[in-house]
Number of protein chains: 4
Amino acid sequence: MARGRPREEGIDDAVREAVRALLTESGYQRCTIDAVAARAGVGKAAVYRRWRSKAELVFAAVIHPVELEPPEDTGSLRGDVAAVLGVIQSSLDGPEVKSALPSLLADVRADPALEARFGEAFLGRERGYLVLMLERAVVRGELSRRPDPALVHSILLGPVLTWLHLFTEKPPSGGLAASLASPLHAAVVALGA
Amino acid sequence: MARGRPREEGIDDAVREAVRALLTESGYQRCTIDAVAARAGVGKAAVYRRWRSKAELVFAAVIHPVELEPPEDTGSLRGDVAAVLGVIQSSLDGPEVKSALPSLLADVRADPALEARFGEAFLGRERGYLVLMLERAVVRGELSRRPDPALVHSILLGPVLTWLHLFTEKPPSGGLAASLASPLHAAVVALGA
Amino acid sequence: MARGRPREEGIDDAVREAVRALLTESGYQRCTIDAVAARAGVGKAAVYRRWRSKAELVFAAVIHPVELEPPEDTGSLRGDVAAVLGVIQSSLDGPEVKSALPSLLADVRADPALEARFGEAFLGRERGYLVLMLERAVVRGELSRRPDPALVHSILLGPVLTWLHLFTEKPPSGGLAASLASPLHAAVVALGA
Amino acid sequence: MARGRPREEGIDDAVREAVRALLTESGYQRCTIDAVAARAGVGKAAVYRRWRSKAELVFAAVIHPVELEPPEDTGSLRGDVAAVLGVIQSSLDGPEVKSALPSLLADVRADPALEARFGEAFLGRERGYLVLMLERAVVRGELSRRPDPALVHSILLGPVLTWLHLFTEKPPSGGLAASLASPLHAAVVALGA
DNA sequence: AGGTAAACGAGACGGTACGTCGTGTCTTGGT
DNA sequence: ACCAAGACACGACGTACCGTCTCGTTTACCT
């Protein structure tokens with residue numbers, strides 16, 4: 001069983017909340033571990049006891065807690081694609097993610113161990129939903145064969161990610177996910193033909 | 001007119017080459033300005049005389065020199081899409097770009113002035129080619145109207161970028177650009193219908 | 001009266017022994033409270049329940065237990081001075097004292113409360129013996145008046161302390177206390193003339 | 001010859017002055033490297049470029065600059081002893097030395113390299129003066145043979161050091177060096193008989 | 001016998017200083 | 001005006017230690 005003084009429960013949340021606040025206010029570079037600890041009313045040691053690096057901390061604070069609830073079966077591949085795009089967009093939008101993602105990805109790439117965890121936690125979950133979506137479409141007869149899920153993943157995730165984090169344009173009228181639904185549905189259909 | 005000692009010619013190339021070597025060997029974080037200067041046999045001041053920041057330097061060494069020659073008119077939208085995808089992939093592949101891009105994007109995002117220059121130099125040029133491609137397709141009658149170029153841009157660039165810099169999977173057999181040509185052509189057609 | 005669980009008897013000694021061992025092996029700086037507790041097989045709280053600070057602990061482990069039994073009346077001031085020097089030397093020699101004393105004095109100086117306790121326990125006891133010694137010498141007629149005990153104290157303690165803890169030379173042949181006995185006896189006589 | 005930008009001259013003095021001020025105001029523990037650098041208007045790197053550790057820095061700021069000018073030949077051993085005691089006292093008195101010495105000695109003891117430098121710079125210089133003094137006394141016939149200089153050193157330095165840095169009593173009326181001159185002269189005479 | 005109070009090992013807590021490193025600027029003497 | 005070398009201010013990093021605290025458990029004394 002657990003020996004010694006147990007970790008104080010509030011600290012995990014207080015630190016993650018401090019990270020999100022500082023990301024929004026100051027961006028990734030100014031979001032210092034010292035600043036996070038001070039804002040959370042916590043010692044730096046308590047932070048490093050829980051997360052090994054700034055990248056792990058930000059990952060835990062910004063990416064991990066996002067609940068990607070599996071999109072429902074909408075009854076059609078068209079609807080499923082739209083739903084998945086909505087989930088992807090919602091997981092990449094928001095001020096903290098906007099502030100954190102580019103630098104976070106950079107730090108994640110520099111740490112192989114973290115890269116593996118990130119791939120599983122973030123990409124793997126999404127990938128799973130896509131497989132379900134594609135198999136439903138095959139059963140419905142909308143696709144004659146199941147396309148490579150990774151290719152589909154890049155086709156659905158890529159445009160959203162690119163627009164939100166690389167372009168500076170405003171999202172198209174009608175919303176990004178809605179604007180992408182038709183063309184990307186066509187792309188998936190073409191892949192599964 | 002130019003006064004004083006002219007800049008030594010070899011330095012620009014020596015520094016860029018040192019950047020590329022260090023990026024490949026050590027990654028962006030370990031690719032220090034001190035290390036670059038030492039490797040190029042050059043003083044730090046000579047580096048900062050040419051580029052204003054590490055991000056500018058890496059941008060100039062890794063992204064800018066890639067020659068994005070305007071894809072020729074292949075005679076069909078299908079062919080043009082494939083050609084553009086090839087150009088995009090070739091500009092994002094290679095060990096130095098792999099090492100540099102995520103951190104470079106992070107630094108670019110942190111500096112609005114650089115962000116503007118980057119957008120123009122990198123994205124703007126690509127965007128221009130897309131506009132030409134789309135207008136040719138309209139003239140040919142393959143599209144009934146010219147879709148939003150930004151949307152097309154995200155659809156063509158996003159999947160390639162995502163696969164090369166976010167996924168850890170190997171590229172699909174047959175090549176990434178080739179695998180994406182059909183579905184993304186369908187997406188563009190759907191947009192312009 | 002005493003309520004609750006009584007203190008475990010062995011812990012005091014185990015901790016003091018651990019302190020002495022770590023001082024000898026690693027010096028004062030590396031002699032961490034965590035390390036002491038771990039070595040003694042004891043929790044840190046058990047240490048702090050007994051001693052208020054690291055300085056108090058080291059003081060108790062290294063200085064206090066030295067039994068400074070009042071030097072006997074040897075029948076002459078000359079003999080008494082030699083005896084006192086022997087007691088002083090024995091209380092300042094040994095590997096643990098060598099390791100601990102400079103840092104311990106530094107910590108003691110930083111804590112006025114501890115400084116008072118240290119002065120009383122260490123210096124006061126010695127001072128008492130000196131007063132007795134001097135008064136015997138006055139009675140014997142070896143001194144015509146009793147000199148300032150503090151001055152005598154500095155004259156007898158100072159050279160021993162300096163040699164053992166400031167110099168790096170080996171003690172003089174014949175022993176430090178023996179070599180100092182004659183000159184320091186002369187000094188005391190000169191003071192009391 | 002010297003390449004690169006030369007060290008800024010004022011920095012050495014500004015840092016040493018900041019150390020002395022902080023030692024007087026706050027003591028050794030609160031005299032942080034960060035605080036020193038901030039007070040001197042200097043970056044921490046500039047400090048570490050000059051001194052390897054806090055102990056080296058304090059040593060350089062407090063002990064080294066003290067000018068121990070060789071005491072003049074007073075014409076008698078009695079006078080020379082008094083003069084040397086005065087020099088010793090003046091080198092150990094003063095607010096910065098009072099604040100720094102115990103902790104400094106502790107840190108010096110923990111670093112063998114520094115211990116050697118300290119021995120040479122501080123003790124060696126004093127020792128040299130003593131040898132001259134003793135040889136003059138032999139020539140004068142005040143001593144029949146030259147005693148061990150180290151023993152004499154401990155007898156003259158020890159009482160002063162002990163009184164100033166171990167005792168809490170006020171110095172004796174008439175001054176510490178003056179009060180010690182007679183008895184310690186007698187001690188030296190006894191040693192050289 | 002059962003309750004209570006204090007001690008126990010373990011280890012997390014806030015705070016603080018450390019020494020290192022990277023960035024972008026500046027200052028030499030020399031070309 | 002340029003060059004190589006390298007010092008500069010600034011500020012974040014991750015580590016370590018101190019002295020305090022909080023767990024769940026154990027051991028005595030006192031009803």
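Just the heavy atoms: all of them, side chains too, but no hydrogens, waters or symmetry mates, feed the values below. Protein chains get the first letters and strands the later ones, always in sequence-line order, with residue 1 at the start of each.
- Computed from coordinates, the A:Leu57 CG to F:dC13 P distance equals 10 Å when rounded to whole Å.
- Side chain of D:Arg5, nearest nucleotide from F:dC13, E:dT20, E:dC26: E:dC26.
- Going from atom CD of D:Glu8 over to atom P of E:dT28 covers 8 Å, rounded to whole Å.
- When each of B:Ala45 and C:Ala40 is assigned the nucleotide of DNA chain E with its nearest heavy atom, C:Ala40 is the one assigned upstream, toward the 5' end.
- What separates OH of B:Tyr28 from P of E:dC21 is a distance of 20 Å, to the nearest Å.
- Atom P of nucleotide E:dA10 and atom OH of C:Tyr48 are separated by 17 Å, given to the nearest angstrom.
- Nearest-nucleotide assignment on DNA chain E puts the 5′-proximal partner with C:Arg7, out of C:Arg7 and B:Arg52.
- Which of E:dC18, E:dT23, F:dC3 sits closest to the side chain of D:Asp34 comes down to E:dC18.
- Atom CH2 in D:Trp51 sits roughly 14 Å away from atom P in E:dG19 (whole-Å rounding).
- Distances were taken from every side-chain heavy atom of A:Ala46 (C-beta onward) to each of F:dA4, E:dT28, E:dG14; the shortest belongs to E:dG14.
- Among the nucleotides F:dA28, E:dG22, F:dC8, the one closest to the side chain of B:Thr32 is E:dG22.
- Rounding to the nearest 0.5 Å places CG of B:Leu105 at 5.0 Å from CZ of B:Phe118.
- Taking for each of A:Pro6 and C:Lys54 the nucleotide of DNA chain F with the nearest heavy atom, the 5'-most of the two is the partner of C:Lys54.
- Of the candidates F:dA7, F:dA28, F:dC13, the closest approach to any side-chain atom of D:Arg50 belongs to F:dA7.
- Rounding to the nearest 0.5 Å gives a distance of 12.0 Å between CZ of C:Arg39 and CZ of C:Arg20.
- One finds no salt bridge joining C:Arg117 and C:Glu120 here, because no Lys/Arg side-chain nitrogen approaches an Asp/Glu carboxylate oxygen to under 4.0 Å.
- Between C:Ser53 and B:Gly43, the one whose closest nucleotide on DNA chain F sits nearer the 5' end is B:Gly43.
- Rounded to an integer number of Å, the gap from CD of A:Glu9 to P of F:dT22 is 15 Å.
- Of the listed nucleotides (E:dA5, E:dC13, F:dA28), E:dA5 has the atom at the smallest distance from the side chain of C:Arg3.
- Rounded to an integer number of Å, the gap from CD of A:Gln29 to C1' of E:dG24 is 15 Å.
- Below the 3.5 angstrom threshold, one finds a donor paired with an acceptor across the side chain of C:Lys44 and the base of F:dG19.
- Between C:Glu25 and C:Arg30 there is no salt bridge, since no side-chain N of the basic residue sits under 4.0 Å from a carboxylate O of the acidic one.
- Put simply, CZ on D:Arg30 is 11 Å from C1' on E:dA17, counting in whole angstrom units.
- Residue contacts shown for A:Arg49 include a base, since a base heavy atom lies under 4.0 Å away.
- Rounding to the nearest 0.5 Å gives a distance of 14.5 Å between CD of C:Glu96 and OH of C:Tyr28.
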